[in-house]
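To start, the structure itself, in structure tokens.
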Amino acid sequence: MSYNNIIVETAFPITTITINRPNKLNALNKDTIQELHEAFKALNKDKNIKTIIITGSGEKAFVAGADISEFANFSVKEGGKLAAKGQKLLFDYVENLSTPVIAAVNGFALGGGLELAMACHFRVASENARMGLPEVSLGVIPGYGGTQRLPQLVGKGIAMEMIMTAGMIDANRALETGLVNHVVSQEELLDFCKKLGSRISNNSPVGISHAIKAVNAGFKHDSNGYASEIKAFGECFGTADFEEGTTAFLEKRKADFPGK
């Protein structure tokens with residue numbers, strides 16, 4: 001597919017999506033959100049894609065926020081629709097994607113940018129990365145899941161401070177709080193993420209998909225995470241991946257999983 005605001009590059013079994021709006025510090029507008037949705041949807045259907053990495057173009061920003069010019073004059077109703085549509089198309093969609101998504105945070109991840117990174121299954125930051133949710137400085141709050149996902153990752157107190165001060169934290173502080181899993185140099189960032197992606201890709205796509213669902217269930221107020229785990233565990237027994245994984249183990253060879 002052809003895109004205007006993103007670049008999709010595949011070296012099986014890993015695909016890298018680069019948000020490519022460098023003149024806007026890769027800010028998310030409605031067209032970029034739509035393109036990202038379409039790309040994630042297509043990649044998730046491809047059995048050969050085992051891991052997706054998302055990053056920003058250039059050396060300054062992952063995503064420096066949402067494109068404020070698009071909604072500066074919105075009404076209450078329009079604002080609510082904006083948040084609901086964005087969460088459905090991108091943020092909730094990525095969080096629940098069955099293909100693992102790694103955020104390679106290569107610079108500023110602010111507002112919607114940090115919310116996108118938090119929707120990914122985990123995050124790796126470059127040393128120059130800066131993260132924050134500055135929405136209250138504009139008279140609004142995070143609307144793409146930031147008030148929910150940030151406390152889940154760093155705890156309520158730190159999340160409250162970050163949101164209420166509208167300040168930024170650096171990569172090392174993000175590592176201390178659990179917001180990111182690793183910090184590496186900018187030069188190493190993509191290669192490091194690809195190595196993680198390769199390790200993930202060695203394992204059962206079906207097992208990983210069920211694990212994502214079970215972990216996410218534990219963070220939803222209307223779900224029983226333990227019950228979801230039991231259900232997913234049982235369902236794995238009926239898959240070709242389970243048959244191949246156990247057979248390979250008993251035969252002392254590397255598994256060749258059929259996949260999605």
Side-chain angles (χ1 to χ4, degrees), residues 3 5-22 24-28 32-33 35-37 39-40 42-44 46 49-66 90-91 93-95 97-133 144-146 149-150 153-154 168-203 208 212:
Y3 301 104
N5 299 307
I6 64 174
I7 299 168
V8 179
E9 299 172 297
T10 298
F12 293 113
I14 298 168
T15 290
T16 302
I17 299 174
T18 304
I19 299 170
N20 188 36
R21 301 185 73 215
K24 296 286 187 178
L25 292 179
N26 304 321
L28 293 176
T32 305
I33 288 174
E35 287 187 5
L36 286 168
H37 172 79
F40 278 115
L43 294 169
N44 199 46
D46 190 334
I49 302 300
K50 304 294 179 62
T51 307
I52 301 168
I53 298 167
I54 184 164
T55 194
S57 64
E59 298 182 352
K60 291 183 178 180
F62 172 72
V63 172
L90 184 58
F91 301 86
Y93 192 79
V94 168
E95 181 178 64
L97 206 72
S98 59
T99 304
V101 183
I102 303 171
V105 183
N106 59 306
F108 290 110
L110 304 176
L114 180 55
E115 288 173 305
L116 176 57
M118 291 191 296
C120 297
H121 298 118
F122 61 91
R123 292 141 294 284
V124 179
S126 59
E127 292 168 340
N128 67 312
R130 299 292 184 272
M131 287 155 261
L133 295 175
Y144 287 142
R149 293 189 180 99
L150 186 60
L153 289 165
V154 305
M168 290 185 289
I169 62 172
D170 63 19
N172 288 330
R173 178 61 173 156
L175 183 63
E176 289 173 6
T177 61
L179 184 53
V180 303
N181 290 33
H182 306 276
V183 175
V184 298
S185 70
Q186 191 163 62
E187 294 75 20
E188 295 175 289
L189 181 62
L190 281 180
D191 283 343
F192 186 89
C193 289
K194 288 174 183 178
K195 288 177 182 177
L196 285 172
S198 294
R199 290 174 59 190
I200 292 169
S201 299
N202 288 331
N203 299 314
I208 287 171
I212 289 170

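The chain is numbered in sequence order, starting from 1. These numbers were taken from a predicted model, which means no experiment stands behind them.
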If you take all heavy atoms of Glu127 and Ala171, which pair is closest and at what distance? O-CB, 4.0 Å

Arg130 side chain to Met168 backbone, donor-acceptor under 3.5 Å: no

Using only atom types and a distance under 3.5 Å, with no angle test, would you say the side chain of Ser126 pairs donor to acceptor with the backbone of Val105? yes

Which heavy atom in Ile200 sits nearest to a heavy atom in Pro100, and how many Å separate them? CG2-CG, 3.7 Å

Is there a donor-acceptor pair closer than 3.5 Å between any side-chain N or O of Glu115 and the backbone N or O of Gly146? yes

Euclidean distance, Ile53 CD1 relative to Thr51 OG1, rounded to 0.5 Å: 7.5 Å

What side-chain donor-acceptor pairs closer than 3.5 Å can you find for residues 7-18, not counting sequence neighbours?
{"from": "Thr10", "atom 1": "OG1", "to": "Thr15", "atom 2": "OG1", "distance (Å)": "2.7"}

For residues 57-66, run the donor-acceptor check on the side chains, cut-off 3.5 Å, and write out each pair with its distance to 0.1 Å, sequence neighbours left out.
{"from": "Ser57", "atom 1": "OG", "to": "Ile19", "atom 2": "O", "distance (Å)": "3.3"}
{"from": "Ser57", "atom 1": "OG", "to": "Asn20", "atom 2": "OD1", "distance (Å)": "3.4"}
{"from": "Ser57", "atom 1": "OG", "to": "Asn26", "atom 2": "OD1", "distance (Å)": "2.9"}

Just do the side chain to side chain contact (heavy atoms under 4.5 Å, CB included) check on Leu150 and Leu133 with the steps written out, would you? CA-CA 9 Å; Leu150 186 60; Leu133 295 175; 3.7 Å; yes

Check: Ile212 main-chain N/O paired with His121 side-chain donor or acceptor under 3.5 Å: no

Can you check side chain to side chain contact (heavy atoms under 4.5 Å, CB included) on Ile54 and Leu36, steps first, answer last? CA-CA 10 Å; Ile54 184 164; Leu36 286 168; 3.9 Å; yes

Looking at Thr177 and Arg173, would you say the former's side chain and the latter's main chain have a donor-acceptor pair under 3.5 Å? yes

Is it the case that the side chain of Arg21 and the backbone of Ala27 share a donor-acceptor pair, with hydrogens and angles ignored and the cut-off at 3.5 Å? yes

Please examine the side chains of Ile169 and Leu179, heavy atoms only from C-beta on, and report whether any two atoms are closer than 4.5 Å. yes

Go through the steps to decide whether Ile52 and Leu97 satisfy the test side chain to side chain contact (heavy atoms under 4.5 Å, CB included), and finish with yes or no. CA-CA 10 Å; Ile52 301 168; Leu97 206 72; 3.9 Å; yes

Nearest heavy-atom neighbours spanning Ser201 and Lys50: OG-CB, 3.1 Å

Report, one line per pair, each donor and acceptor closer than 3.5 Å where one atom sits in a side chain of residues 188-198; sequence neighbours left out.
{"from": "Glu188", "atom 1": "OE1", "to": "Ser185", "atom 2": "N", "distance (Å)": "3.4"}
{"from": "Glu188", "atom 1": "OE1", "to": "Ser185", "atom 2": "OG", "distance (Å)": "2.9"}
{"from": "Ser198", "atom 1": "OG", "to": "Lys194", "atom 2": "O", "distance (Å)": "3.1"}

CG of Asn106 to CD of Glu187: how many Å apart, nearest 0.5 Å? 11.5 Å

Decide whether Thr99 and Asn44 meet the rule of one side-chain donor and one side-chain acceptor closer than 3.5 Å. yes

Looking at CE of Met131 and CG of Leu114, how far apart are the two atoms once the value is rounded to the nearest 0.5 Å? 7.5 Å

Partner of His37 under ring pair (Phe, Tyr, Trp, His ring centres under 6.0 Å), chosen from Tyr93, Phe91, Tyr3: Tyr93

Heavy-atom side-chain contact between Val101 and Phe40 under 4.5 Å: yes

May I have the step-by-step check of side chain to side chain contact (heavy atoms under 4.5 Å, CB included) for Met118 and Glu95, ending in yes or no? CA-CA 8 Å; Met118 291 191 296; Glu95 181 178 64; over 6 Å; no

Would you say the side chain of Leu175 lies within less than 4.5 Å of the side chain of Asn181, judging by non-hydrogen atoms? no

Verify, without hydrogens or angle tests, whether Asn203 (side chain) and Arg199 (backbone) share a donor-acceptor contact under 3.5 angstrom. yes

Hey, are the side chains of Val124 and Val180 touching, using non-hydrogen atoms and a 4.5 Å cut-off? no

